[in-house]
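Scope of the values below: all heavy atoms of this structure, side chains included, with no hydrogens, waters or symmetry mates. By convention in this document, chain letters (A, B, ...) are assigned in the order of the sequence lines, proteins followed by strands, and residues within each chain are numbered from 1. Bear in mind the structure is a predicted one, so any value in this text is a computation, not a measurement.
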2 protein chains.
Amino acid sequence: MSRAETPRRAGRQGRAGIRDVAAAAGVSITTVSDALNGKGRLPDATRRHVREVAERLGYRPSAAARTLRTGKSGLIGLTVTTYGDEPFTFTEFAYFAEMARAATSAALARGYALVILPATSRHSAVDVWSNVALDGTVVIDPSDHDPVVLELVRQGLPVVSDGRPAGTLPVTAWVDNDHEAAVLDLLDHLAAAGARRIGLLTGTTTDTYTRLSTQAYLAWCQRVGQDPVYESYPAHDPCAGAVAADRLLARPDRPDAVYGLFDPNGTDLLAAARRYGLRVPEDLLLICCSESTVYANTEPPITTLSLKPRRIGTAVIQLLIDAIEGIEHDRPIEQVIPTELIVRTSSQRRPPRTTVSPPRSPAPDN
Amino acid sequence: MSRAETPRRAGRQGRAGIRDVAAAAGVSITTVSDALNGKGRLPDATRRHVREVAERLGYRPSAAARTLRTGKSGLIGLTVTTYGDEPFTFTEFAYFAEMARAATSAALARGYALVILPATSRHSAVDVWSNVALDGTVVIDPSDHDPVVLELVRQGLPVVSDGRPAGTLPVTAWVDNDHEAAVLDLLDHLAAAGARRIGLLTGTTTDTYTRLSTQAYLAWCQRVGQDPVYESYPAHDPCAGAVAADRLLARPDRPDAVYGLFDPNGTDLLAAARRYGLRVPEDLLLICCSESTVYANTEPPITTLSLKPRRIGTAVIQLLIDAIEGIEHDRPIEQVIPTELIVRTSSQRRPPRTTVSPPRSPAPDN
DNA sequence: CGACCATGCAGAAACGTGACTGCTGCTGGG
DNA sequence: CCCAGCAGCAGTCACGTTTCTGCATGGTCG
């Protein structure tokens with residue numbers, strides 16, 4: 001009683017606390033808390049009065065205190081694979097941006113915010129990971145024994161991964177495309193368009209996407225009895241892609257159709273084809289995996305495989321928030337998102353129509 | 001004493017607390033805190049012992065409790081302009097992605113993490129803004145009397161904006177390009193290449209970038225005595241850009257050079273030029289403002305104006321963290337980042353060389 | 001030999017909120 | 001008329017840190 005009487009330096013160089021509101025409204029802090037959070041049993045008059053006073057004082061509850069008390073921060077970590085100092089790589093650019101955009105939107109709609117965090121725990125002098133209170137984490141393409149993921153699950157935090165986890169990584173759930181099916185379907189499409197020898201532009205990295213896609217290509221080749229024709233390059237190096245595209249078309253066993261696994265491969269292959277005087281699609285059929293809309297307006301427009309990053313981003317967030325809020329599914333959830341082959345001129349020997357291409361559409365659902 | 005004796009349910013269904021470490025190490029929690037944070041006066045033996053025990057128990061300090069106690073969360077808000085439900089618009093896509101990438105990297109290097117937040121306070125049922133403890137905020141292109149910014153500065157939080165604030169918005173600091181100078185320089189470049197009538201593809205929105213750029217265009221026209229030739233469209237609609245590009249080239253007073261303010265304008269204008277049988281650059285000179293590297297490999301390659309988003313993102317973060325950490329500059333800081341005109345074939349009547357274009361460079365500093 | 005100081009550590013008070021417990025006065029039924 | 005029950009609210013603890021204050025102990029110097 002003796003200390004409680006001190007009027008508490010009201011808003012001393014900072015925001016008003018719940019105590020200031022209680023004092024100003026002539027009630028206890030319990031009543032303030034209950035009134036603002038819609039709990040307890042209070043008459044509407046008191047509730048309105050307290051809310052009015054809180055509004056007048058510009059009271060905002062301390063997020064830190066609430067987090068400490070409730071154990072929920074409303075924050076979701078989003079790890080991005082880092083090469084060197086930069087978060088997310090050049091080749092993943094459009095994909096990651098689209099995926100992050102959808103994830104951000106989905107998280108905000110459910111009252112959560114995303115925190116961008118590095119894939120490595122020791123990115124700077126202080127460990128940013130342990131400095132932020134997370135309710136859960138989304139990891140993109142985690143490696144086999146990702147130490148960050150292991151540490152997070154050890155702490156009991158739900159972890160959902162974009163891309164099926166390699167090895168025995170104990171994630172709460174994952175979302176991925178069916179990469180084998182996508183590649184097989186796409187190769188059949190090229191073969192149906194008249195391709196006799198299909199080449200592949202792939203990466204030297206061992207991530208799941210590259211590995212599964214390449215394996216599917218090799219399996220397809222074996223099935224139809226074609227010798228594999230492919231070039232690998234470090235996908236994080238934007239220069240190397242153009243060089244590898246050139247190498248692929250310079251081979252003695254030059255393919256008459258190429259699938260490029262990474263986003264810039266389309267323009268790379270197109271430029272290389274021009275250098276060798278190859279017409280697309282007459283001499284060379286072309287498909288690349290990309291989310292970029294520029295391929296709708298290239299000369300010629302290029303067929304792309306979309307991994308539907310927006311659907312993936314949304315799905316990942318829904319699964320994670322369900323896990324956070326205890327909407328428990330019993331066993332590890334695996335969700336497979338279908339890909340979409342956006343067929344354009346570059347993969348068709350007979351372009352369906354020779355009219356001018358209309359202005360590109362907004363592509364509402366990729 | 002009576003209560004302190006209870007061994008504190010060690011790590012009951014959660015992480016070990018500082019008290020568990022203290023008990024296990026046989027010291028007080030003060031000693032643990034000092035040992036781990038490098039404070040106080042402790043012999044190295046004690047320090048090492050405590051760290052060992054903490055490591056063994058897998059102790060991680062609670063970020064929420066630390067934030068509550070110290071008042072610093074290590075989190076920086078990043079607002080993105082939302083159109084409809086989606087964070088950041090299509091036209092700002094590459095710019096925003098690059099800028100956010102650099103900002104993320106710069107923040108992590110100084111021990112801070114970025115939280116992506118919506119520009120509007122009421123994006124969902126709960127107010128995400130008041131649910132997260134921020135040390136400061138980066139706002140991109142704030143509107144004249146942005147209520148979020150006003151609320152933040154009222155709370156005493158530092159706010160740094162990307163784009164000079166309109167009106168009397170009380171930001172702590174801002175970073176921007178010199179848009180007038182960039183446009184004037186670019187128009188001179190086109191005129192020097194032989195352009196007689198330069199057109200503009202601009203937006204209907206009233207943001208600072210669009211406004212300043214358009215004003216500079218009009219001022220340049222007046223100076224050289226050319227009638228302005230421009231088309232406006234809602235920049236957030238990806239379809240409208242293609243239509244506006246078509247409209248611009250369909251005019252009776254068709255320009256022989258065009259500058260497009262937004263990222264997709266390059267491919268839009270190129271497609272429109274093809275439809276009207278205009279050769280680039282022989283019949284039509286082309287420049288657009290873009291950060292995308294696809295314009296290095298289009299047919300022909302298109303000259304672009306880069307706003308240097310990575311330098312802007314880095315600068316914004318440095319100014320903000322300086323403000324947070326009390327490295328005070330006395331008055332509102334304004335930092336102007338120069339733009340860069342990346343000259344390619346589309347803006348040169350005589351292409352400097354007709355050799356094949358080499359694989360594009362990694363563009364280390366845009 | 002006694003006073004003083006540096007060293008090594010423990011106790012306890014915050015930080016601001018949420019939630020449990022419990023106290024008071026009023027009302028209605030037996 | 002009395003007591004059970006409930007509405008309406010206040011007190012108090014706990015969340016897990018950081019940090020201020022302060023108490024011992026042992027060594028040193030006048």
Side-chain angles (χ1 to χ4, degrees), chain A residues 1-6 8-23 25-50 54 57 59-74 130-133 155, chain B residues 1 3-6 8-23 25-50 54 57 59-74 130-131 133 155:
Chain A
M1 182 63 87
S2 60
R3 298 187 53 263
E5 277 174 5
T6 68
R8 170 171 171 76
R9 64 280 189 269
R12 189 209 56 160
Q13 88 114 353
R15 297 146 44 180
I18 198 174
R19 278 192 284 261
D20 303 312
V21 178
V27 296
S28 74
I29 58 171
T30 303
T31 304
V32 175
S33 178
D34 284 348
L36 296 182
N37 294 342
K39 307 208 170 172
R41 4 167 236 210
L42 298 179
D44 280 354
T46 311
R47 222 174 272 275
R48 259 182 287 121
H49 176 226
V50 169
L57 295 187
Y59 166 72
R60 294 275 175 264
S62 153
R66 173 175 291 176
T67 298
L68 176 59
R69 184 61 236 246
T70 63
K72 297 289 167 209
S73 67
S130 64
N131 251 345
V132 44
Q155 286 179 26
Chain B
M1 179 63 85
R3 299 188 54 263
E5 276 174 4
T6 70
R8 170 172 171 74
R9 65 280 188 271
R12 188 209 56 159
Q13 87 114 350
R15 298 147 43 181
I18 198 175
R19 278 192 284 261
D20 303 313
V21 178
V27 295
S28 75
I29 58 173
T30 305
T31 304
V32 175
S33 179
D34 284 348
L36 295 181
N37 295 342
K39 308 210 168 167
R41 358 166 243 211
L42 298 177
D44 280 353
T46 310
R47 224 174 270 274
R48 259 182 288 119
H49 175 226
V50 169
L57 295 186
Y59 167 72
R60 295 275 176 261
S62 152
R66 173 174 293 175
T67 298
L68 176 60
R69 182 62 231 241
T70 63
K72 296 289 166 210
S73 66
S130 64
N131 251 346
Q155 286 180 24

- Item | Inter-axis angle, terminal five-pair segments of the helix from C:dC1-D:dG30 to C:dG30-D:dC1 [nearest 10°] |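 Computed from the C1' atoms at both ends, the axes differ by 60°.
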
- Task: Evaluate the side-chain proximity of A:Asp20 to A:Tyr59: yes if any heavy-atom separation is below 4.5 Å, no if none is.
- Result: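 Side-chain contact under 4.5 Å: no.
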
Give a yes or no answer on whether the side chain of [X] reaches the backbone of [Y] with a donor-acceptor pair at less than 3.5 Å.
X       : Y        : result
A:Ser73 : A:Ala133 : yes
B:Thr70 : B:Arg66  : yes
B:Ser33 : B:Ile29  : no

Atom-pair distance ([atom1] on [X]; [atom2] on [N]), nearest Å:
X        : N      : atom1 : atom2 : answer
A:Asn37  : C:dG16 : CG    : C1'   : 13 Å
B:Asp44  : C:dT7  : CG    : P     : 13 Å
A:Gln155 : D:dG16 : CD    : P     : 13 Å
B:Arg19  : D:dT18 : CZ    : P     : 13 Å
A:Asp20  : C:dC15 : CG    : P     : 11 Å
B:Lys72  : D:dT19 : NZ    : C1'   : 17 Å

By the 4.0 Å heavy-atom rule, please label [X] as base, sugar-phosphate, or nothing.
X       : value
A:Asp34 : nothing
A:Thr30 : base
B:Ser33 : base
A:Arg47 : nothing

- Message: Working note: A:Thr67 + B:Thr67, criterion side chain to side chain contact (heavy atoms under 4.5 Å, CB included); need CA distance, chi angles, decisive distance, verdict.
- Response: CA-CA 10 Å; A:Thr67 298; B:Thr67 298; over 6 Å; no

- Between B:Arg41 and B:Ala65, who's closer to the 5' end of DNA chain C by nearest nucleotide?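 Taking each residue's closest nucleotide, the earlier one in sequence belongs to B:Arg41.
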
Under 4.0 angstrom between [X] side-chain N/O and [N] OP1 or OP2:
X       : N      : value
A:Thr46 : D:dC9  : yes
A:Lys39 : C:dA19 : yes
B:Ser28 : C:dA10 : yes

- Query: DNA chain D: A:Leu68 or B:Arg66, which has the more 5' nearest nucleotide?
  - Reply: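 Closer to the 5' end of DNA chain D: A:Leu68.
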
- Query: What's the closest nucleotide to the A:Tyr59 side chain, out of C:dG8, C:dT17, C:dG18?
  - Reply: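 Selected nucleotide (nearest to the side chain): C:dT17.
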
- Message: Let's see if you can work this out: which of D:dT12, D:dC15, C:dA10 has an atom nearest to the side-chain heavy atoms of A:Ile29?
- Response: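 Per side-chain heavy atoms of A:Ile29, the pick is D:dT12.
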
- Measure the spacing between CG of B:Asp34 and CZ of B:Arg47 and express it to the nearest 0.5 Å.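 The CG atom of B:Asp34 sits 7.0 Å away from the CZ atom of B:Arg47.
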
- Item | Heavy-atom donor-acceptor pair, A:Arg69 side-chain to C:dA19 base, under 3.5 Å |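 Answer is no: no donor-acceptor pair is held.
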
- Side-chain donor-acceptor contact under 3.5 Å, A:Thr31 with A:Ser28: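 On atom types as modelled, these side chains qualify, holding a pair under 3.5 Å.
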
- State which residues pass side-chain hydrogen bond (donor to acceptor under 3.5 Å, both in side chains) with B:Ser130; sequence neighbours excluded, sorted by chain then number.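 Scan of B:Ser130 (side-chain hydrogen bond (donor to acceptor under 3.5 Å, both in side chains), adjacent residues dropped) gives none.
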
